[in-house]
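Below you'll find the structure, written out as C-alpha cells, and then a few comments.
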Amino acid sequence: MVSLNPMLPLVFLLLTTFYHLGEGREPHTFLVGGSDQGWKIPESSDKTLNHWAESQRFRVGDSLEFDYDIKKDSVLNVTKENYEKCITEKPSEKYTEKPTIVKLNVSGPHYFISGTPGNCDKGEKMIVVVQSPNHPPTPKPIPATAPQTPSKPPTSLAPAPANNTAVGLVAGSGIVWAFVAVIGLNWA
C-alpha cells in the first residue's frame, strides 16, 4: 500500500481555505457591459448596464474599461443626485479618450452616466459598488412595506417538524468526524 505524505491533507485544507477567502486576488480590469462597445443604451430593460455591474465583484484597485464610439459618446463620473436626475453638467470626471480606463481606488458606490444628452434617460448609466479589502459586501436592504392589518387572528404557517430531525445532525456530524479521522490516520 502506498502511503501519502501526512501533510498532504493539511496543505489541501489550507489551500482551499485561502482560495475561498479570495485573499491576494490581483486587480482586474472589467470590460464594461462584458463586451466590445458595451457602453451604450441598453437594448432591453432586462439587460441594463446595472444588471451587468450587479453580477460582478469590484474591489479597490480594479479598473473599468469603457468601450464606445468617442465621436458620439463619453463617460461621466457623477454624484448620486446627478446620476438619478441624469444631469451631465459639472461631473466629477469626464472621459472622452479611447481607451477609457477608470481605476477604482475608493470603496463604495461610483456613479457613471453617458455624456451624450438623452442617453442617460434611455438607460446608459451604471452604478458600480466597490468592495473595501477590509469589509465584505453588505446585502441590499429590503424595502419596507406597510404592515397589513389582519381581519382575523394570524394562524401559524410554520411547517410541522419532521418525525426525526436528529437524523440530519447525526449525518452531518458523522461526515465531520470521518474527515477528522482521515486526517488523523494520515498523520499517524
Side-chain angles (χ1 to χ4, degrees), residues 7-145 179:
M7 295 300 287
L8 189 61
L10 181 60
V11 170
F12 174 75
L13 184 63
L14 289 173
L15 287 175
T16 56
T17 300
F18 285 117
Y19 173 78
H20 289 293
L21 288 176
E23 294 296 323
R25 172 169 100 48
E26 293 294 319
H28 184 71
T29 299
F30 293 88
L31 183 59
V32 172
S35 64
D36 292 338
Q37 298 291 311
W39 182 246
K40 62 183 178 182
I41 297 171
E43 296 169 3
S44 66
S45 62
D46 63 336
K47 293 186 179 181
T48 66
L49 291 164
N50 279 331
H51 283 113
W52 172 81
E54 289 170 358
S55 70
Q56 309 301 317
R57 266 190 199 211
F58 304 103
R59 295 187 182 175
V60 171
D62 287 342
S63 299
L64 299 174
E65 181 177 348
F66 291 84
D67 189 18
Y68 56 94
D69 184 349
I70 60 172
K71 294 177 185 173
K72 298 179 183 177
D73 208 349
S74 62
V75 179
L76 306 179
N77 191 343
V78 297
T79 64
K80 180 180 179 181
E81 180 181 350
N82 287 2
Y83 172 86
E84 291 170 347
K85 296 178 181 179
C86 289
I87 297 172
T88 58
E89 292 83 28
K90 298 182 183 175
S92 305
E93 295 285 336
K94 181 175 183 175
Y95 305 97
T96 58
E97 296 182 10
K98 200 168 187 173
T100 295
I101 297 180
V102 177
K103 184 139 180 157
L104 303 170
N105 291 322
V106 180
S107 63
H110 296 258
Y111 302 92
F112 299 96
I113 64 173
S114 169
T116 302
N119 282 11
C120 177
D121 292 317
K122 295 175 184 172
E124 190 177 355
K125 60 183 184 174
M126 175 178 70
I127 302 172
V128 170
V129 179
V130 179
Q131 298 174 19
S132 165
N134 300 326
H135 298 73
T138 56
K140 292 183 181 180
I142 299 171
T145 57
F179 181 71

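- Taking all atoms of both residues into account, the shortest heavy-atom contact from Tyr83 to Asn50 is OH-ND2, 2.8 Å.
- A distance of 12.5 Å separates OG of Ser63 from CG of Leu31, quoted to the nearest 0.5 Å.
- Taking every heavy atom of both residues into account, Ala53 and Ile127 meet most closely at CB-O, 3.4 Å.
- Minimum interatomic distance between Ser74 and Tyr95 (heavy atoms only, all atoms of both residues): CB-O, 3.2 Å.
- Annotation: side chain of Pro91 is in contact with side chain of Val78 (closest heavy-atom distance under 4.5 Å).
- Screening residues 36-47 for salt bridge (charged side-chain N to carboxylate O under 4.0 Å, His left out) gives Lys40-Glu43 as the qualifying pairs, with residues at least two apart or on separate chains.
- Sorted by first and then second residue, the salt bridge (charged side-chain N to carboxylate O under 4.0 Å, His left out) pairs involving residues 63-79 (not counting sequence neighbours) are Asp67-Lys98.
- Checked against a 6.0 Å centroid threshold, the rings of Phe30 and Phe58 count as neighbours.
- Here the shortest heavy-atom pairing between Gly33 and Leu49 reads CA-CD2, 4.1 Å.
- Note: Phe112 CZ to Phe66 CZ = 4.5 Å, rounded to the nearest 0.5 Å.
- Considering only residues two or more places apart in sequence or on other chains, Pro42 meets the side chain to side chain contact (heavy atoms under 4.5 Å, CB included) condition with Thr48.
- Identified under the salt bridge (charged side-chain N to carboxylate O under 4.0 Å, His left out) test for residues 116-128, with sequence neighbours left out: none.
- Of all heavy-atom pairs spanning Cys120 and Ser114, the tightest one is N-CB, 4.3 Å.
- The CG atom of Asn82 sits 9.5 Å away from atom NZ of Lys90, with the distance rounded to the nearest 0.5 Å.
- The shortest non-hydrogen separation linking Leu64 to Val128 is CD1-CG2, 3.8 Å.
- When the side-chain hydrogen bond (donor to acceptor under 3.5 Å, both in side chains) test is applied to Glu81, the partners found at least two apart in sequence or on another chain are Lys85.
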Would you be so kind as to tabulate the donor-acceptor pairs closer than 3.5 Å made by side chains of residues 100-111, with sequence neighbours excluded?
| unit_1 | atom_1 | unit_2 | atom_2 | d |
| --- | --- | --- | --- | --- |
| Thr100 | OG1 | Tyr68 | OH | 2.7 |
| Thr100 | OG1 | Glu97 | O | 2.4 |
| His110 | NE2 | Val106 | O | 2.7 |

